[in-house]
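Beneath this line is the structure, given in structure tokens, with notes to follow.
Every chain is numbered from 1 and lettered A, B, ... according to where its sequence line falls, protein lines coming before strand lines. The figures here come from the full heavy-atom set of this structure, side chains too, leaving out hydrogens, waters and symmetry mates.
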Amino acid sequence: MRYWLMKSEPEEFSLEDLRNRPDQTEPWDGVRNYQARNFMRDDMKRGDQVFFYHSNCAEPGIVGIATIAREAYPDPTAFDPDDSHYDPKSDPDNPRWYHVDVGFERELNRTISLKELKEHAKTLEGFALIRRGNRLSVMPVDEAHWRYILSLE
DNA sequence: GCCAACGTTGGC
DNA sequence: GCCAACGTTGGC
């Protein structure tokens, strides 16, 4: 099993939104970055664990745990001209963008903020989230880092 | 709202 | 294949 971190702006889609979905799962659509897509398409397996991260908000940080509920399949929003993530270069016969479904697991007892994570930079060396200038919205987390971060909870 | 960092695009 | 221009991300 692998471990991941996925970012979402809470004003767009929050952990609460995921919890409140009828089946507590959601297609992680709209990702238009090749590296993030490759992680979803090639490496994510059903049951993998995910840190749910809130970005672009008052206190950016990890707020909960999700799981990969469905493995990669083409992102339909790429084919929809009315969707803000429409990409005319994505051909339904050869889709450019793939995504997974994410399922709610639990909320953390407290938010583990980006600020706090940066204070553990030494232990978390190599963790993509705290690398300078990082903008990836989907990234792998080492198992050792995963466990350490959870121990902070 | 600002702006640094970074990915993508497209002219050459 | 280089690189300037541009758009986006996301912390602050």
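- Ring to ring, A/W97 and A/Y34 are close: their centroids are under 6.0 angstrom apart.
- Between A/V100 and A/M6 there is a side-chain heavy-atom pair separated by less than 4.5 Å.
- No path of Ile, Leu, Val, Met, Phe, Trp and Tyr side chains, each step under 4.5 Å between heavy atoms, connects A/F79 with A/Y73, placing them in separate hydrophobic clusters.
- Looking at residues 48-61 of chain A, you'll see A/Y53, A/S55, A/N56, A/P60 sit with a heavy atom under 4.0 Å from some atom of DNA chain C.
- Listed for the A/R2 side chain is no donor-acceptor partner under 3.5 Å among the backbone atoms of A/P140.
- The main-chain N or O of A/L15 is never found under 3.5 Å from a side-chain atom of A/E107 such that the two would form a donor-acceptor pair.
- In 5' to 3' order, the nucleotides of DNA chain C bounding all contacts with chain A (an atom under 4.0 Å from a heavy atom) are C/dG7 to C/dC12.
- The main-chain N or O of A/L136 is found under 3.5 Å from a side-chain atom of A/K7 such that the two form a donor-acceptor pair.
- Taking both residues in full, the closest heavy atoms of A/K45 and A/I68 are given as O-CB, 3.4 Å, listed atom of the first, atom of the second, then distance.
- Of the residues in residues 122-140 of chain A, those with a non-hydrogen atom less than 4.0 angstrom from any atom of DNA chain B are A/R132, A/G133, A/R135.
- Residues of residues 112-119 of chain A having a heavy atom closer than 4.0 Å to DNA chain C, listed by number: A/L114, A/K118.
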Next item on the list: Please step through salt bridge (charged side-chain N to carboxylate O under 4.0 Å, His left out) for the pair A/R96 and A/D87, ending with a clear verdict.
Entry: CA-CA 9 Å; A/R96 175 178 293 199; A/D87 180 0; 3.8 Å; yes
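- For A/T111 (side chain) and A/G61 (main-chain N/O), no donor-acceptor pair under 3.5 Å exists by modelled atom type.
- For residues 53-72 of chain A, every residue pair satisfying the side chain to side chain donor-acceptor pair (under 3.5 Å) rule, not counting sequence neighbours, is listed here: A/E9-A/N56.
- Residue pairs meeting the ring-ring contact (aromatic ring centres under 6.0 Å, His included) criterion with at least one partner in residues 116-153 of chain A, sequence neighbours excluded, are A/Y3-A/W146, A/F51-A/W146, A/H120-A/Y148.
- The backbone N or O of A/T25 sits less than 3.5 Å from a side-chain atom of A/D23, completing a donor-acceptor pair.
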